[in-house]
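Residue numbers begin at 1 in each chain, while the letters A, B, ... track the order of the sequences. Note: hydrogens, waters and symmetry copies are ignored here, and every other heavy atom, side chains too, is used.
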2 protein chains.
Amino acid sequence: MRRVATELGTGAASLYAHVSNKGELHALMLDRIAADIVVPEPDPTRWAGQTKAIVRSMRDALVARPGIAAVAVAQIPIGAQALRVSDGLIAVLRAGGLSKKVIGFAVDLLPLYATAIAQEVAERKEEHASADDYAAVAQQLGEFFANLPADRFPNIAFLGPALSAGDREERFEFGLDILVAGLAAHRD
Amino acid sequence: MRRVATELGTGAASLYAHVSNKGELHALMLDRIAADIVVPEPDPTRWAGQTKAIVRSMRDALVARPGIAAVAVAQIPIGAQALRVSDGLIAVLRAGGLSKKVIGFAVDLLPLYATAIAQEVAERKEEHASADDYAAVAQQLGEFFANLPADRFPNIAFLGPALSAGDREERFEFGLDILVAGLAAHRD
DNA sequence: ACCTGAACACCGTTCAAGT
DNA sequence: ACCTGAACACCGTTCAAGT
């Protein structure tokens, strides 16, 4: 609140004439950010790809503002923009032929995934700020796993490099694949 | 740090003789908590159920300590207990016949889900502390969606009560179903 | 109705000083 | 080697006082 106020050229106390607390400001910020999320015109033949595109867009909108993902977890989004996105997501899932029940759950599950991934990115970025040493940390972690006692952790040893394979993007896309494949499997 | 120190009968400064900062304390706490997570003896015929059981156990361990889930997002767990759990999870997924590549990704994705769900529970609990009015809030939210203009949000309107159907447990189990079904679909 | 300065009740961390 | 009190640099929020 103090930093926001400073940015606006006032004191923190002045903000309380416009929002009742930090939570309300967060909710307003989140809905503004939701305006960036792109929802496509539903196409029944491409529902899986369209669903993925929406979740990607959600993640991008959150990742672009470090810190906001942590705020998103605490909120059920009911602003105008959030409703637009929810409606668009439901439209795509309907086009995919999913049942009402599955859609009702998926409309929570998919944003949860986007938020969790975005938060992970933001939180880890805090630790080792520069993107160049992300690879260095990843390699260091790989070495740590490789040097673990194989008799105590035989399955970690079995997995080997596969445990730390792939960058952030690949891992995100894998999760997206899993989720959409799982939704497809739940079609009646 | 101040509260922990008070609980221990000292001042906050004393803690810095044992941990270098709050993050290190969090890491230690997280590994302690991981001791509660139960991993079964792998049974190839029941890998899906066993995978679900581990994720449930992860969520339970986190939900039992409000606030710790938010901490878990920022950390790659490499303590002794976390490694035990990872090894056990990999063992079950191996028994399920998943490929190394899929296991390597799944060993991140499944804890991410447990953590995200646990955080949601903790964060929302802060808002409306008593569990009795959880149902009240849920109903209020259902009414809010029901009263939305159907011409502006036709897909939300189409979904109707399905949008807010199911309690927290059902929604968690649905996500678990989706994830495990998605993993099963990725078997080569 | 909106804004302000000052204060209140908090934080995590550091550091010189103690044993 | 371990502990301490005091201080530093922060927080979000309230409230009487101003316009």
**Message:** Both distances below 3.5 Å, Watson-Crick or wobble geometry, any strand: find the nucleotide opposite C/dG12.
**Reply:** D/dC8
**Item:** Salt-bridge contact A/E173-A/R56 (side-chain N to carboxylate O under 4.0 Å)
**Value:**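 A/R56 and A/E173: salt-bridged.
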**Message:** If the threshold is 4.0 Å, N to carboxylate O, is there a salt bridge linking B/E169 and B/R59?
**Reply:** yes
Can you figure out which of [options] approaches the side chain of [X] most closely?
X	options	answer
A/A17	D/dT14, C/dT4, C/dC2	C/dC2
A/R3	D/dT13, D/dC11, C/dC11	D/dC11
B/R2	D/dG12, D/dC11, D/dA7	D/dA7

**Message:** If the cut-off is 4.0 Å, is A/S14 near the phosphate of C/dT4, judged by side-chain N/O to OP1 or OP2?
**Reply:**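 Checking A/S14 against C/dT4: at least one side-chain N or O falls below 4.0 Å of OP1 or OP2.
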**Message:** Under 4.0 Å from OP1 or OP2 of D/dA1: is there any side-chain N or O of B/H18 that close?
**Reply:** no
Rounded to the nearest angstrom, tell me the gap between atom [atom1] in [X] and atom [atom2] in [N].
X	N	atom1	atom2	value
B/Y16	C/dG12	OH	P	7 Å
B/E24	C/dG12	CD	P	15 Å
A/N21	D/dC11	CG	P	18 Å
A/M1	D/dC10	CE	C1'	16 Å
A/L15	D/dC15	CG	C1'	16 Å

**Message:** Using ring centroids (six-membered ring only for Trp), state whether B/H186 and B/F105 fall under 6.0 Å.
**Reply:** no
**Message:** Among B/V121, B/I117, B/D177, B/D167, exactly one meets side chain to side chain contact (heavy atoms under 4.5 Å, CB included) together with B/F172. Which residue is that?
**Reply:** B/I117
